Amino acid sequence: AQASCPTASLSPVGSTIPPDGRWGPITPAALLSLKDIKGFAPSPDGTRVFAVEQQADAAANAYRTRWFVLPTGCHGNPVVLDETGGAPMTMMYGHPNGDVPVEAPKWSSDGRLVAYRKMIGDRLELWVARPTQGDAVRVDHGESDVTAFMWTSSGALLYETALDHGAFRAAFEAERRVGFLYDERFNTSAGEFYPLTPECMIARSHPACGKRVWAVTFTGDAPQTPTTPTATQLASWTARDGPESLQKQGGRLITKADRGFVWIDRKSTRLNSSHRT
């Protein structure tokens, strides 16, 4: 690709490829400094790719994340749109479990805007960037984590919130004044002195875990205040992953999951085997 586009810089943003093409020894520090693409999405017209780049920072004991747009042709160089915050990490009871999943950004149908999630502190926020302008703005509000999002065909951005960090801190302080009940919220193996942050996929009854769906519309490229979705928008949100009801087809029990279909086949009278595609 670089040979066919000699005037364009198609290397990763901030690449340090040696001018003479000779590399030094492979050391732990060198391996740690490698840059990973943690998710990418081509624009609807195929002329650009929006990608998420992550690199470890050993000195800070953290990761640096950058969101940039790369042209697919020979015109233009990569443009960094955002480099604050971090890529979404898999959380378990308020703590990262070390997994940084690949999460692709999502373009609006007209290609003017691209949406993505990122970590700011301990909160998952939703941001939108204008690839032609090189800027990014937050579109969600409050202190709740954004757990999922999608564009509608009309250009509205829908998203779901779950854990409200402000409500959790308020409940934490109220309980601390009278004393904590030492229950399943504590990690006994690690000797935790305070309740863990609730995992809302499990602890749905926690007062800080109320799920809500919001809609953001745009005046030009400027996001408006999030509102309750209309009936049509809510129908689009409900249908985004298909029906979740269990169906029997040809002897199989089939259900739609977030990333594909899950089914159970009877392989013998003694064993049921689960498969996923």
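Everything numeric in this text was worked out from a predicted model, so none of it was measured.
- Within the 4.5 Å cutoff, side-chain heavy atoms of Phe218 are placed close to those of Leu157.
- Note that NZ of Lys38 and CD of Gln54 are 6.0 Å apart. Values are rounded to the nearest 0.5 Å.
- Counted within 6.0 Å of CZ on Phe40, heavy atoms from surrounding residues, nucleotides or ligands total 12 or fewer; the atom is thus considered open.
- In this structure, OG in Ser154 is found 10.5 Å from CG in Asp110, a value given to the nearest 0.5 Å.
- At a threshold of 4.5 Å between non-hydrogen side-chain atoms, the residues Trp107 and Trp151 do not count as touching.
- Considering CZ of Phe50 and CG of Asp82, their distance stands at 7.5 Å, rounded to 0.5 Å.
- The CH2 atom of Trp127 sits 9.0 Å away from the CG atom of Asp140 when rounded to the nearest 0.5 Å.
- The side-chain heavy atoms of Thr197 and Phe168, taken from C-beta on, include a pair separated by under 4.5 Å.
- In the hydrophobic cluster analysis, where Ile, Leu, Val, Met, Phe, Trp and Tyr join through side-chain heavy atoms closer than 4.5 angstrom, Val146 is grouped apart from Ile120.
- At least one test fails for Lys106 against the ring of Tyr116: distance under 6.0 Å to the centre or angle within 45° of the axis.
- Between Leu158 and Thr152, some side-chain heavy-atom pair lies under the 4.5 Å cut-off.
- Counting heavy atoms of neighbouring residues, nucleotides and ligands inside a 6.0 Å radius, atom CD1 of Ile26 does not exceed 12 of them.
- When every heavy atom of Ala87 is checked against every heavy atom of Met119, the shortest pair comes out as O-CG, 3.5 Å.
- Counting only heavy atoms from C-beta outward, the side chains of Phe68 and Glu53 approach each other to under 4.5 Å.
- The heavy-atom pair separating Pro44 from Ser108 by the smallest distance is CG-O, 3.4 Å.
- Contact of the Thr147 side chain with the Leu124 side chain is not registered, since no non-hydrogen atoms from C-beta on lie closer than 4.5 Å.
- Under the 4.5 Å side-chain contact rule for hydrophobic residues, Val213 and Val216 do not share a cluster.
- The side-chain heavy atoms of Val69 and Val49, taken from C-beta on, include no pair separated by under 4.5 Å.
- In this structure, Arg212 CZ and Tyr159 OH are separated by 9.0 Å, a value rounded to the nearest 0.5 Å.
- Judged purely by distance below 3.5 Å, without hydrogens or angles, the side chains of Thr219 and Gln224 pair a donor atom with an acceptor atom.
- Neither Leu32 nor Leu34 shares a network with the other; the hydrophobic side chains, linked directly or stepwise wherever heavy atoms of I, L, V, M, F, W or Y lie under 4.5 Å apart, form separate groups for each.
- In this structure, a donor-acceptor pair under 3.5 Å is present between the side chains of Trp214 and Thr161.
- Results of the side-chain hydrogen bond (donor to acceptor under 3.5 Å, both in side chains) test with Asp145 over Arg123, Arg117, His165 single out His165 as the only residue that passes.
- The minimum heavy-atom distance between Pro229 and Ala215, with the atom names listed, is CA-CB, 4.0 Å.
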(request) Take Val128 and Val114 through the test side-chain contact (heavy atoms from CB on, under 4.5 Å) and record every step on the way to the result. (result) CA-CA 6 Å; Val128 165; Val114 62; over 6 Å; no

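- Checked by atom type and distance alone, the side chain of Glu175 pairs as donor or acceptor with a backbone atom of Leu181 at under 3.5 Å.
- With hydrogens and angles left out, the side-chain atoms of Asp45 and Ser43 include a donor and acceptor closer than 3.5 Å.
- Under the 4.5 Å side-chain heavy-atom criterion for grouping Ile, Leu, Val, Met, Phe, Trp and Tyr, Val139 is connected to Leu113 within one hydrophobic cluster.
- Here Glu125 contributes atom CD and Glu143 contributes atom CD; the two are 10.0 Å apart, rounded to the nearest 0.5 Å.
- Closest non-hydrogen pair, Arg48 versus Pro131, comes out as NH1-CB, 3.4 Å.
- Listed here is the closest heavy atom pair of Pro78 and Pro71: N-CD, 4.2 Å.
- Judged purely by atom type and a 3.5 angstrom limit, Thr72 uses its side chain to pair as donor or acceptor with the backbone of Thr47.
- The closest side-chain donor-acceptor pair between Lys118 and Thr84 falls under 3.5 angstrom.
- Taking 4.5 Å as the limit, some side-chain heavy atom of Trp237 sits within range of a side-chain heavy atom of Met150.
- There is no side-chain donor-acceptor pair under 3.5 Å between Thr232 and Thr230.
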